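Working notes, beginning with the structure itself.
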Amino acid sequence: MAGIVDVLNVRRSDSAPFQVFAGTSVGAINASFYAAHGEQGDLGAAALTQVWRDLRIEAHVRIDAMRLLGVRRGLARLLRGASAHLGPSVLDPAPLDDVVTRAIPWHQLNVNVADGTVKALVIAALEVASGRTTMFAQLAPGRTFEPSRDVRRRVVVAQISAAHVLASAAIPAVFPARRIDGTWYCDGGLRFNTPIAPAIRAGADRLVVVSLMHRPEAPVEVPLVEYPNPIFLLGKVLNALLLDPVNYDLQVLERFNRLIEVLEQTLSPEDLARVHAVTRATRGMAYRRLETLVFRPSRDLGRMASDHLRVRSVRNELGWIGSWLLRRAARHDATWEDDLASYVLFDGGFAERLMAVGHADALARAVDIRRFFGG
């Protein structure tokens, strides 16, 4: 976002270039932050970059064996503590909870949506019991969200809070699932990673999409001499669940854009109306062409994570488990960190590298950005 703001030369006193925000997983944190700064032309982009810079691996990647085994949750129930709404997890969620709660001005978010400055904020999370994707939508007055006919998805109109955002970012076992209104939720990216459909159903007619997979080409086959260890497999599974759907959804969007264009050129208005009637009956709304601006990182983020860990000093503050994992990652023959580390590496130094790549990628596409936003 900082790169887009710089290219457009948007000032704080200008109107913001976005009014609809949708995010899943860590993207839910960014989307909520921008919506909470929607009254500012630059959407508070510089302030958000500072939030990520301030992360420290020794504080935000704390492994908690007692929490993983469910001991703390059991004690919380006995004592009726606030932690009873959290599931077991590898990492202590308190530091990330503090970041999300403090960094996002929730009152201002509600003001921005109430006065129509922000048209919609949609956060997706996975309902654990049913396996349905729940889209929590906070909508401006008079704004509607077209529900899907897919029984695996539902929309809940609600006032978005830190709990919704943290639920969307809760990678199973790594971060704890969250109980919201008596129901458990975890990372929405497991079944619905690219928030394209929620933005469309909230009324967006042009989309800026940020993918985390730097190349959509066919994967290179690399033979494994030995059976992969569980952590390596976990990284690959997370990639398949969280990254692969992004490219697929973008490909589907491009196909439908081309299809609708052909239909509009060849069908009479009456025939086209019948086509739209069928799509409304089957999916809840008609298809329409959508202009998109898609960003993919120019570097492999998993490889960047492993490179960062190799030069990062091991801190005793991480405990013996965390220190062992960092030493394991720092080995040149290690393989797991290329995928898994990028999901849990909440560290300001790593965030700085990611933001530098994103900013450079935006500047490299300055012409596309200006054209998309009308000059």
Side-chain angles (χ1 to χ4, degrees), residues 1 4-5 7-8 10 14-24 27-28 30-32 34-35 37-39 41 43 112-113 115-124 135-150 153 155 157 160 192-211 246-267 269 272-296 362 365 367-375:
M1 181 65 74
I4 293 177
V5 166
V7 168
L8 297 177
V10 180
D14 294 332
S15 297
F18 298 92
Q19 289 78 44
V20 175
F21 302 86
T24 302
N30 291 339
S32 299
Y34 292 136
H37 293 79
E39 81 285 1
L43 297 172
N112 290 344
V113 177
D115 66 16
T117 299
V118 170
K119 305 300 183 185
L121 170 64
V122 186
I123 303 299
M135 290 167 283
F136 295 102
Q138 186 167 353
L139 307 173
R143 199 75 172 187
T144 59
F145 188 99
E146 298 292 341
S148 171
R149 300 295 174 85
D150 190 339
R153 298 175 183 175
V155 59
V157 177
I160 303 298
F192 198 58
N193 191 42
T194 312
I196 294 176
I200 297 172
R201 292 182 180 276
D205 52 15
R206 295 191 300 157
L207 302 174
V208 174
V209 182
V210 179
S211 169
V246 176
N247 288 316
Y248 177 77
D249 285 355
L250 291 173
Q251 291 169 5
V252 171
L253 179 61
E254 177 60 26
R255 292 192 201 111
F256 275 106
N257 274 342
R258 296 175 64 182
L259 176 62
I260 296 301
E261 182 178 6
V262 171
L263 292 177
E264 290 175 344
Q265 293 173 353
T266 58
L267 296 182
L272 187 60
R274 285 196 290 269
V275 171
H276 289 327
V278 171
T279 58
R280 277 193 293 268
T282 55
R283 62 185 296 269
M285 66 184 302
Y287 286 112
R288 65 183 189 274
R289 278 190 291 168
L290 295 162
E291 187 178 358
T292 60
L293 179 62
V294 180
F295 291 94
R296 292 185 177 89
R365 298 187 59 193
V367 173
D368 295 335
I369 292 172
R370 294 191 185 101
R371 182 185 301 116
F372 182 84
F373 286 96

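All of these numbers come straight from a predicted model, not from anything done at the bench. The analysis underlying the following values was restricted to heavy atoms, covering all of them including side chains, and did not include hydrogens, waters or symmetry mates.
- Nearest approach of L121 to S32, heavy atoms of both residues: CD2-OG, 3.9 Å.
- Listed by chain and number, the residues in a ring-ring contact (aromatic ring centres under 6.0 Å, His included) with F295 amount to none (sequence neighbours excluded).
- A28 meets the side chain to side chain contact (heavy atoms under 4.5 Å, CB included) test with I123, V165, S168; sequence neighbours excluded.
- R365 meets the side chain to side chain donor-acceptor pair (under 3.5 Å) test with D368; sequence neighbours excluded.
- Summarising the geometry of A204 relative to R143, their closest heavy-atom pair is N-NH2, 4.3 Å, with the distance given to 0.1 Å.
- With sequence neighbours left out, A16 forms a side chain to side chain contact (heavy atoms under 4.5 Å, CB included) with L43.
- Atom CG of L8 is separated from atom CG of D14 by 10.0 Å, given to the nearest 0.5 angstrom.
- The CG atom of L290 sits 9.5 Å away from atom CD1 of I196, with the distance rounded to the nearest 0.5 Å.
- A 6.0 Å sphere centred on CZ of R258 holds no more than 12 heavy atoms belonging to other residues, nucleotides or ligands.
- For F136, the ring-ring contact (aromatic ring centres under 6.0 Å, His included) partners two or more places apart in sequence, or in a different chain, are H164, Y185.
- Of all heavy-atom pairs spanning A124 and T24, the tightest one is CB-OG1, 3.6 Å.
- Qualifying side chain to side chain contact (heavy atoms under 4.5 Å, CB included) partners for L272, counting only residues two or more places apart in sequence or in other chains: L263, E264, L267, H276.
- For R201 (side chain) and F145 (main-chain N/O), no donor-acceptor pair under 3.5 Å exists by modelled atom type.
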- Item | Candidate pair L207 and I200, rule side-chain contact (heavy atoms from CB on, under 4.5 Å), full reasoning | CA-CA 8 Å; L207 302 174; I200 297 172; 4.0 Å; yes

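- Across all non-hydrogen atoms, the minimal contact from A22 to P198 is CB-CB, 4.5 Å.
- Atom CZ of residue R206 and atom CZ of residue F372 lie 4.5 Å apart, to the nearest 0.5 angstrom.
- In this view, E146 satisfies the side chain to side chain donor-acceptor pair (under 3.5 Å) rule with no residue, not counting sequence neighbours.
- Residues satisfying the side chain to side chain contact (heavy atoms under 4.5 Å, CB included) criterion with A120, sequence neighbours excluded, are V20, L139, A202.
- In this structure, the side chain to side chain donor-acceptor pair (under 3.5 Å) partners of T117, at least two apart in sequence or on a different chain, are D115.
- Across all non-hydrogen atoms, the minimal contact from A137 to I160 is N-CD1, 4.3 Å.
- Here the shortest heavy-atom pairing between A35 and V118 reads O-CG2, 3.4 Å.
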